[in-house]
Enquirer: 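Submitted below is the structure of interest, expressed as structure tokens.
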Amino acid sequence: QAQVVESGGGSVQAGGSLRLSCAASGNTFSRKCMGWFRQAPGKEREAVARIYRDTGTTTYADSVKGRFTISLDNAKNTVFLQLNSLKPDDTAMYYCAAAPKQACVARGFVTAAFSYWGQGTQVTVSS
């Protein structure tokens, strides 16, 4: 079992920045792969960024490459998502998720690979 809790959302103008945090706890094996997803009203949940805790290997959705950065502080069991150059299209509820690394390797960067989810933190970008 693992638990994740997001924080750091808010409202910004286009071009602004935010940093989201995800505090993870519980079984270490269950959270070797950490990801951020987002869901806008009326849309499906989509992958944003993923990181492997052991190697630091990252994966990004094309829509956020060059603007968002995922990182981690293993000592604090925290994963961060730095959001820069925000656009109104980035408005969504952002979710942190955890999974065993094998699940991420086997299933790819999709919601079905992740077993543990936070409640989400809202990001609103105005034009």
Side-chain angles (χ1 to χ4, degrees):
Q1 295 287 331
Q3 296 80 39
V4 294
V5 178
E6 309 94 335
S7 61
S11 297
V12 297
Q13 290 190 327
S17 299
L18 285 172
R19 188 172 84 154
L20 308 183
S21 299
C22 172
S25 61
N27 183 278
T28 302
F29 174 82
S30 298
R31 46 188 176 91
K32 289 288 190 183
C33 176
M34 299 294 298
W36 285 96
F37 292 76
R38 67 185 182 185
Q39 188 168 18
K43 295 186 177 181
E44 292 187 355
R45 191 167 299 189
E46 64 175 356
V48 175
R50 179 186 70 184
I51 189 167
Y52 292 152
R53 295 175 65 101
D54 53 356
T55 63
T57 303
T58 58
T59 303
Y60 294 94
D62 288 342
S63 59
V64 306
K65 281 181 181 177
R67 300 189 300 122
F68 293 6
T69 303
I70 188 170
S71 62
L72 58 82
D73 183 337
N74 273 323
K76 296 182 178 180
N77 292 312
T78 303
V79 178
F80 303 98
L81 185 67
Q82 179 68 39
L83 292 68
N84 295 330
S85 302
L86 282 161
K87 305 174 182 179
D89 285 349
D90 295 319
T91 295
M93 185 72 79
Y94 283 69
Y95 297 91
C96 180
K101 184 175 179 179
Q102 296 93 309
C104 287
V105 172
R107 308 188 74 171
F109 192 12
V110 295
T111 56
F114 291 80
S115 303
Y116 307 100
W117 292 85
Q119 294 299 307
T121 185
Q122 178 68 36
V123 172
T124 303
V125 185
S126 58
S127 58

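Reckoned from all heavy atoms, side chains included, excluding hydrogens, waters and symmetry mates. Fair warning: this is a prediction, and the values are worked out from it, not measured in the lab.
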Enquirer: With heavy-atom distances below 4.5 Å as the criterion, would you say the side chains of Phe68 and Leu86 are in contact?
Expert: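 Answer yes - side chains close enough.
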
Enquirer: Would you kindly confirm whether Tyr95 and Ile51 end up in one hydrophobic cluster when ILVMFWY residues are joined by side chain heavy atoms under 4.5 Å apart?
Expert: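 They do not share one cluster, since no chain of ILVMFWY contacts under 4.5 Å joins Tyr95 to Ile51.
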
Enquirer: For Ala24 versus Arg53, what's the shortest heavy-atom pair and its separation?
Expert: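 Looking at all heavy atoms of both residues, the shortest contact is CB-NH1, 4.5 Å.
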
Enquirer: Between OG of Ser115 and CZ of Arg31, what distance do you get to the nearest 0.5 Å?
Expert: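 Ser115 OG to Arg31 CZ: 14.0 Å, rounded to 0.5 Å.
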
Enquirer: Might you point out which heavy atoms bring Glu6 and Gly120 nearest each other, and give the distance in Å?
Expert: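 Here Glu6 and Gly120 meet closest at OE1-N, 2.9 Å.
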
Enquirer: Is the closest side-chain heavy-atom distance between Val64 and Arg38 below 4.5 Å?
Expert: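 A side-chain contact under 4.5 Å exists here.
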
Enquirer: Would you mind reporting whether Met34 and Val4 have side-chain heavy atoms less than 4.5 Å apart?
Expert: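 Side chain of Val4 against side chain of Met34, heavy atoms only: contact under 4.5 Å found.
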
Enquirer: Go through Val79 and Arg50 one step at a time and tell me if the side chain to side chain contact (heavy atoms under 4.5 Å, CB included) criterion holds.
Expert: CA-CA 10 Å; Val79 178; Arg50 179 186 70 184; over 6 Å; no

Enquirer: In this structure, is the centre-to-centre distance between the rings of Phe37 and Phe109 below 6.0 Å?
Expert: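 Between Phe109 and Phe37, the centre distance is under 6.0 Å.
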
Enquirer: Please check if the side chain of Arg67 supplies one atom and the backbone of Ser85 the other of a donor-acceptor pair under 3.5 Å.
Expert: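 Side chain of Arg67 to backbone of Ser85, a donor-acceptor pair under 3.5 Å: yes, one is there.
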
Enquirer: If Ile, Leu, Val, Met, Phe, Trp and Tyr residues are connected whenever their side-chain heavy atoms lie under 4.5 Å apart, and connections chain through other members, are Trp117 and Leu72 in the same group?
Expert: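 No: no chain of side-chain contacts under 4.5 Å links Trp117 to Leu72.
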
Enquirer: Evaluate side chain to side chain contact (heavy atoms under 4.5 Å, CB included) for Phe114 paired with Cys104, printing each intermediate quantity in order.
Expert: CA-CA 7 Å; Phe114 291 80; Cys104 287; 3.7 Å; yes

Enquirer: So is Lys65 actually on top of Tyr60's ring, under 6.0 Å and inside 45° of the axis?
Expert: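 Cation-pi check for Lys65 and Tyr60: fails.
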
Enquirer: Looking only at non-hydrogen atoms, find the nearest pair between Cys33 and Tyr52 and report the distance.
Expert: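 Closest approach of Cys33 to Tyr52: SG-CE2, 3.7 Å.
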
Enquirer: Evaluate the side-chain proximity of Ser126 to Gln13: yes if any heavy-atom separation is below 4.5 Å, no if none is.
Expert: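 Gln13 vs Ser126: side chains touch.
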
Enquirer: What heavy-atom pair brings Leu18 and Gly8 nearest, and what distance separates the two atoms?
Expert: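 Taking every non-hydrogen atom into account, CD2-O, 4.1 Å.
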
Enquirer: Using a strict cut-off of less than 4.0 Å between a Lys/Arg side-chain nitrogen and an Asp/Glu carboxylate oxygen, indicate whether Asp90 and Lys87 qualify as a salt bridge.
Expert: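 No.
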
Enquirer: Spell out, yes or no, whether Val48 and Phe80 are grouped together once hydrophobic residues are joined by side-chain heavy atoms under 4.5 Å, including indirect joins.
Expert: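 Not linked; separate clusters.
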
Enquirer: Which distance, rounded to the nearest 0.5 Å, do you find between the OG of Ser21 and the CD of Gln82?
Expert: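 If I round to the nearest 0.5 Å, the distance is 9.5 Å.
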
Enquirer: Is there a path from Val125 to Trp36 through hydrophobic residues (I, L, V, M, F, W, Y) whose side chains come within less than 4.5 Å of each other?
Expert: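 Yes, same cluster.
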
Enquirer: What are the two closest heavy atoms between Ala113 and Ala103, and how far apart are they?
Expert: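 Minimum heavy-atom separation between Ala113 and Ala103: O-CB, 3.5 Å.
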
Enquirer: Tell me, do Thr111 and Gln39 make a side-chain contact under 4.5 Å, heavy atoms counted?
Expert: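 No; the side chains remain at least 4.5 Å from each other.
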
Enquirer: Please round to the nearest 0.5 Å and tell me the distance separating atom OG of Ser7 and atom CG of Leu20.
Expert: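 Taking OG in Ser7 and CG in Leu20, the distance rounds to 8.0 Å.
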
Enquirer: Same hydrophobic cluster for Met93 and Val123, using side-chain heavy-atom links shorter than 4.5 Å among ILVMFWY?
Expert: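 Each belongs to a different hydrophobic cluster.
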
